[in-house]
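Report on one structure; see the data block that follows.
Labels below follow one simple rule: chain letters A, B, ... track the order of the sequence lines, proteins then strands, and each chain is numbered from 1. What you see is a predicted model, and the numbers here were worked out from it, not measured in a lab.
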Amino acid sequence: MRSFKFVVLLLIALGVLVGCAAPTAAPTSAPPTKAPAPTTAPVAQPTTAPAVKPTDAPKPAASTKITVWYPLPTTGPLQEAMNALVKKFNAAGKGVEVEMVLTGNYGDNFTKILAAATANNLPDAAMVELLQIPQLANSNQLLALDDLSKEADFNFSDLAPALLGNSYFNNKLYAIPWQRSTTMMFYNRDMFKAAGLDPDKPPLTWDEAKAATQKLLAKDPNVVPMTGAIASDWAFEAQLLSFNGALLAKDGKSATYNSPEGIAAVTVWRDMSKDKLLSIRGSGDFGAVVNDFIAGKNAMVMQSIFSRATIEQQAKFDWDVAAVPGGSAGPVLNAGGGNFVIFGKTAPEKQKAAWTFMKWMTSPENTAEYSIKSGYLPVRTSALNAPAMVDYGKQSPKTVKAMNLALKYGKSRAVSSVFEKAINQFLNPALQDILLGTADPKTALDAAAKKSTDALQ
Amino acid sequence: MSNSQQSTVNSQQSQTSKLQSRVSNLHFDWKKIAAYAILIPVTILVGLPFLWMLSSSVKSPAEIFIDPPRWIPNEFHFENFVLAWGKAPFAQFFFNSIVVTVSIVAIQLTTASLAAYAFARLKFPGKNLLFLLYLSVMMVPTQVTLIPNYVTLSRLSFLNTYAALILPFIATGFGTFLIRQQFLSIPHDLGDAARMDGAGHLRTLWHVYVPLARPALASFGLLSAMWHWNDFFWPLITTTKVEMRTMPLGLQVFAQQEAGVEWHLLMAAAIFVAAPIIILFMLAQRQFIEGIANAGVKG
Amino acid sequence: MKSTFTFNKLREPLTAYAFLFPSLIGLVVFILYPLVTSFYLSFQRWDMLSDARFIGLRNYQKLFDDTDLHKILGNTAVYTISVVLITLVLALLLALLLNQQLRGRIIFRTTFFLPVVMSLTAVSAVWLWIYDPEFGLANWLLKLAGLPTSKWMNSPQSALTAIIVMMIWQTLGYNIIIFLAGLTNIRRDLYEAASLDGAGTWATVWNITMPLLSPTLVFLIITSTIQAFRVFDPIFVMSGGLGGPANSTATVVFYLYRQAFYNLDAGYASAIAFLVVAIAMAFTALQLYLSRRWVTYE
């Protein structure tokens with residue numbers, strides 16, 4: 001009884017203590033922003049800053065501080081790679097100081113952006129998942145970059161075309177590619193040899209893939225020859241493009257994924273899955289399939305190029321990388337991931353500072369550096385010839401091979417400001433019903449496409 | 001008041017009752033055998049996933065995916081815990097989590113006990129309506145309050161402070177309801193007797209109701225501590241500075257889906273993130289639950 | 001309750017309001033105000049990025065027309081009923097067994113409570129492994145028992161069951177703790193009187209334990225139903241944020257979240273929120289009404 005009282009008292013005392021500590025915590029975090037009145041700091045910062053700044057202009061030493069939100073967890077190899085780059089940039093004497101705020105992952109990053117937009121509290125720039133960018137552009141939250149991208153010291157035309165398509169909305173440029181990846185096919189060369197397949201000739205088409213998987217299964221009935229978390233929009237869109245189909249009509253007003261091409265694209269997978277040649281996993285298993293491949297449970301896995309590092313570190317067998325097999329149009333690798341954007345409401349000189357940062361980050365050397373450290377694609381074709389990348393290619397030839405393939409077969413994803421609402425919301429359940437359940441391809445895709453088209457209008 | 005007298009009487013009663021129950025238990029030993037026969041297999045089944053976590057946390061990455069699964073690793077890698085701890089500023093996160101959780105639990109126990117007493121023992125206009133309001137707190141999905149609360153805290157300039165992590169949780173419908181239910185089951189005459197002796201409501205609450213509802217207060221405190229210790233989403237949305245973040249945000253580091261999960265480190269981290277609550281539970285159950293059952297407070 | 005002796009009529013209500021005041025502040029600022037905001041929003045079209053536009057009752061109309069929502073309400077009902085019923089029965093049984101002098105009961109209790117404490121991020125990672133269709137523990141156990149295996153999270157037919165099983169595992173310990181807290185409140189002398197009277201185990205449980213445990217039981221039924229009905233985190237984590245496969249694990253609060261933060265349809269999300277609150281309120285009112293008829297307060 002006495003001890004209980006003691007515990008309660010202790011808790012209350014601590015509560016009071018913290019109650020006092022909380023207000024003091026606010027001022028200590030305020031100084032860096034150096035905004036006028038501390039009570040209005042977060043809201044007033046963007047609007048009041050420009051009024052003050054012009055008088056400071058003559059002093060070149062004073063650097064412009066900008067905040068950039070970046071969808072990564074607090075630590076990890078990617079964070080270390082980004083941190084090193086940001087540090088280098090801040091020390092480069094560009095008159096800009098970047099504070100990078102780590103916001104978890106793409107989904108959490110976007111939720112934070114929505115909350116901040118509502119509270120008028122947005123950062124100056126951010127990296128955003130590419131399907132989310134049209135939503136921001138459509139409601140005038142982003143700065144159009146067309147003029148800035150024409151600056152003489154920015155080699156725009158060198159940016160990889162495969163990655164650039166998702167930067168546009170309504171014919172305006174809103175984003176610069178940065179943290180991008182595609183689905184690749186990793187395969188176990190030892191298993192290929194054991195099954196009498198040529199490990200230097202991975203299947204390029206689904207007909208070849210079918211033949212190869214049949215041989216692999218005949219060799220070892222305990223192995224699932226091929227796997228991938230492909231029952232979702234990302235992998236399906238690439239598959240659809242490789243069958244000469246498209247998610248949306250040219251005008252963006254109707255869904256076309258239930259075309260004969262679309263049905264053919266999904267039926268190939270469904271049939272191989274029925275014959276136990278291909279194991280299709282839910283998207284929650286994205287990480288699990290890599291682990292299974294490393295454990296030698298599959299001969300081929302369709303998985304993000306990003307997983308290459310994990311495979312390289314852990315696989316105890318001879319592995320290789322290839323493009324995902326394709327349909328009549330040959331392999332297609334569509335790049336997903338995140339792009340840099342600058343927010344429209346931020347002060348003009350902060351926008352300029354953010355642009356300086358983006359320009360610097362996407363230079364051939366720096367994109368090559370991030371690419372080598374992170375496993376993401378370099379955003380410039382010329383980065384493949386950057387000295388660091390050439391060196392790295394000697395060390396890890398398969399990585400550079402994967403990057404070349406990704407840029408060679410790369411295509412953009414569909415652009416729509418209602419991608420989630422009109423496409424994913426209906427397409428993904430239909431794909432999963434077909435590939436993991438019992439739904440008929442045509443019936444399920446037709447029903448979903450009708451809902452999509454309704455939502456697009 | 002006759003508090004001390006009463007408790008000596010209680011303990012005497014419980015002494016005799018323990019003797020009696022021990023005597024009567026002799027006849028019913030088969031009941032215990034049946035209890036073990038059910039409890040042991042169920043406990044093992046429930047414990048399996050945790051055992052797996054424990055065993056994975058000391059494995060090498062290579063040993064985790066061996067088929068068939070190996071429960072006892074060939075070599076123990078206890079350094080996984082050190083490795084995982086070093087992957088994020090966990091010391092800072094730990095401190096923040098302690099500050100936030102302790103404050104929330106202390107505040108909630110206070111506000112909920114006060115409110116529960118009012119609902120259980122006092123008459124006032126609007127009682128039913130207000131009680132329904134408290135219950136409705138539990139029904140409103142946090143996803144709905146997310147944006148408005150973010151805007152409120154932003155207007156108050158509380159983002160990136162402990163206040164942002166604590167203030168939204170000062171009231172608890174769940175706790176008020178739980179404690180009210182326990183207060184309701186306390187005999188009226190106990191409280192009335194105290195007040196007859198001239199104690200105000202606050203003293204009656206503190207000296208009669210709070211001690212008697214200890215099991216419920218302890219359970220609620222524990223559950224609340226656990227919920228807020230593990231809360232992920234709210235700290236993520238309201239903080240942008242690493243110095244203000246909490247333990248669960250550190251766990252995220254290990255679960256990067258694209259790269260494949262670093263299982264051994266994730267499991268090690270999950271164990272040290274949960275450890276404070278597990279320890280609290282083991283202390284609490286001896287102190288509160290067992291202690292009360294043996295002392296026979298209500299006797 | 002006859003406690004009017006020395007107090008005048010105004011004093012008691014004033015005390016009550018003073019006692020409620022601290023929690024009411026929190027309630028009004030952080031629950032009621034957002035709820036009012038959200039009520040206003042439910043008549044708007046709003047994407048959180050541009051200005052809101054009044055659209056009358058269209059969002060509420062959509063509640064009736066949205067066939068996906070109806071399917072998802074069905075999922076939610078299946079989930080809620082299964083998790084609440086199975087967990088309560090199991091927890092009550094285990095709590096009764098644990099509420100006696102047993103060797104090692106600290107181990108039993110702690111084991112049951114462990115799943116409650118573990119972070120969902122880690123728990124879901126383990127369960128995804130347990131549910132691996134080829135190499136997981138769940139199918140290994142099923143094979144040992146000679147039962148047919150399942151595809152678990154990889155099939156629309158079994159994914160919801162998989163999450164239900166995981167959540168029974170996770171909430172069991174919490175229910176046991178609350179039951180135990182309620183059981184310790186029951187006076188020992190009542191049991192002793194019963195056992196002296198020669199009452200059997202079942203008779204004692206039925207005639208003494210159950211009635212005296214009824215406030216706890218009511219509490220658990222109501223709170224577990226509400227919590228299960230608004231389940232979000234396990235769905236989100238287990239399905240990789242998608243409610244799949246094929247919407248089979250999507251629940252109503254998950255759907256609300258998707259409408260707001262994926263589809264940027266905050267107006268519709270608000271309308272769904274009111275549907276959630278209305279259904280939860282109706283259930284709670286019904287349960288409170290029914291409970292008045294059989295709950296025994298000492």
Side-chain angles (χ1 to χ4, degrees), chain B residues 17 20 24 35 38-39 43 46-47 49-50 52-53 67 111 114-115 117-118 122-124 135 137-141 143-145 148-149 168 170-171 174 177-178 181 184-185 187-188 192 201 215-216 219 226 230 248 251 255 261 266 270 273-274 277-278 281-282 285 289 292-293 296 298-299, chain C residues 1 3 12-13 15-17 19-20 22-23 26-27 30-31 33-35 37-38 97 102 108-114 116-119 121-122 125-126 130 135 169 174 177-178 180-181 184-185 187-189 192 195 201 215-216 219 223 226 230 253 256-257 273 276-277 280-281 284 297-298:
Chain B
S17 63
Q20 281 172 354
S24 61
I38 298 173
L39 280 172
T43 308
V46 169
F50 184 74
W52 180 253
M53 292 174 80
D67 193 36
T111 60
L114 286 169
Y117 183 84
L122 299 175
K123 276 191 212 155
F124 55 96
L135 286 185
V137 177
M138 290 187 290
M139 301 168 198
V140 180
Q143 290 74 16
V144 175
T145 56
N149 285 348
I170 57 176
F174 176 87
F177 187 23
L178 173 63
Q181 294 300 90
L184 281 177
S185 67
H188 286 207
D192 291 348
H201 284 291
S219 316
M226 178 202 85
N230 281 332
L251 272 185
V261 180
L266 174 65
V273 168
I277 306 283
I278 296 174
F281 174 76
M282 290 169 92
Q285 75 163 344
I289 302 173
I292 282 157
K298 300 286 312 286
Chain C
M1 164 156 167
S3 55
E12 191 163 315
T15 312
Y17 295 134
F19 277 23
L20 292 176
S23 43
L27 225 65
F30 293 106
I31 305 285
Y33 164 72
L35 211 58
T37 315
S38 155
L97 291 175
L102 292 176
F108 291 134
R109 283 178 186 169
T110 310
T111 310
F112 289 127
F113 197 65
L114 278 174
V116 189
V117 185
M118 301 310 291
S119 131
T121 316
V126 175
I130 289 175
F135 316 101
W169 173 81
Y174 147 73
I177 295 306
I178 301 281
L180 282 173
T184 52
N185 261 10
R187 288 141 70 147
R188 294 236 142 194
D189 51 347
E192 280 138 22
S195 88
T201 312
T216 309
F219 170 79
T223 55
I226 294 174
R230 40 170 281 188
V253 171
L256 174 164
Y257 181 82
V276 171
V277 174
M281 283 269 198
T284 308
Y297 296 116
E298 259 191 81

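Within the 4.5 angstrom heavy-atom criterion, no atom of B:Pro248 approaches chain C. If you measure heavy-atom distances from C:Ile130 to chain B, the contacts under 4.5 Å come from the side chain alone. With a 4.5 angstrom heavy-atom cutoff, B:Ala216 touches chain C only via backbone atoms. Interface residue C:Leu102: backbone and side-chain heavy atoms are both found under 4.5 Å from chain B. Residue B:Ile38 touches chain C through its side chain alone, counting heavy-atom pairs closer than 4.5 Å. If you measure heavy-atom distances from B:Met226 to chain C, the contacts under 4.5 Å come from the side chain alone.
When C:Ser38, C:Ala273, C:Pro22, C:Pro34 are compared by the number of non-hydrogen pairs under 4.5 Å with chain B, C:Pro34 comes out ahead. Of the listed residues (B:Ala35, B:Ala115, B:Pro168, B:Ala270), the greatest number of heavy-atom pairs within a distance under 4.5 Å of chain C belongs to B:Pro168.
Rounded to the nearest 0.5 Å, atoms CD1 (C:Ile178) and CD (B:Gln181) are 11.0 Å apart. With values rounded to the nearest 0.5 angstrom, B:Phe177 atom CZ is found 8.0 Å from C:Thr284 atom OG1. The line from CE of C:Met118 to CD1 of B:Ile278 is 5.5 Å long, rounded to the nearest 0.5 Å. Here B:Met138 contributes atom CE and C:Thr223 contributes atom OG1; the two are 6.5 Å apart, rounded to the nearest 0.5 Å.
In this pair, C:Tyr17 and B:Phe124 present their aromatic rings perpendicular. The plane angle is above 60°, beyond the 30 to 60° band.
Taking the side chain as every heavy atom from C-beta outward, B:Phe50 and C:Thr111 never approach each other to under 4.5 Å. Side-chain contact between C:Ile177 and B:Phe281 is present, with at least one heavy-atom pair separated by less than 4.5 Å. The shortest distance between side-chain heavy atoms of C:Phe30 and B:Val140 does not fall below 4.5 Å.
Between B:Ala118 and C:Ala16, the shortest heavy-atom contact is CB-O, 4.0 Å. Minimum heavy-atom separation, B:Gln143 to C:Leu256: CB-CD2, 3.9 Å. Across all their heavy atoms, B:Pro49 and C:Val126 have their closest contact at O-CG1, 4.0 Å.
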Exercise. Run the numbers on C:Val276 and B:Val144 for side-chain contact (heavy atoms from CB on, under 4.5 Å), then give the verdict.
Key: CA-CA 11 Å; C:Val276 171; B:Val144 175; over 6 Å; no
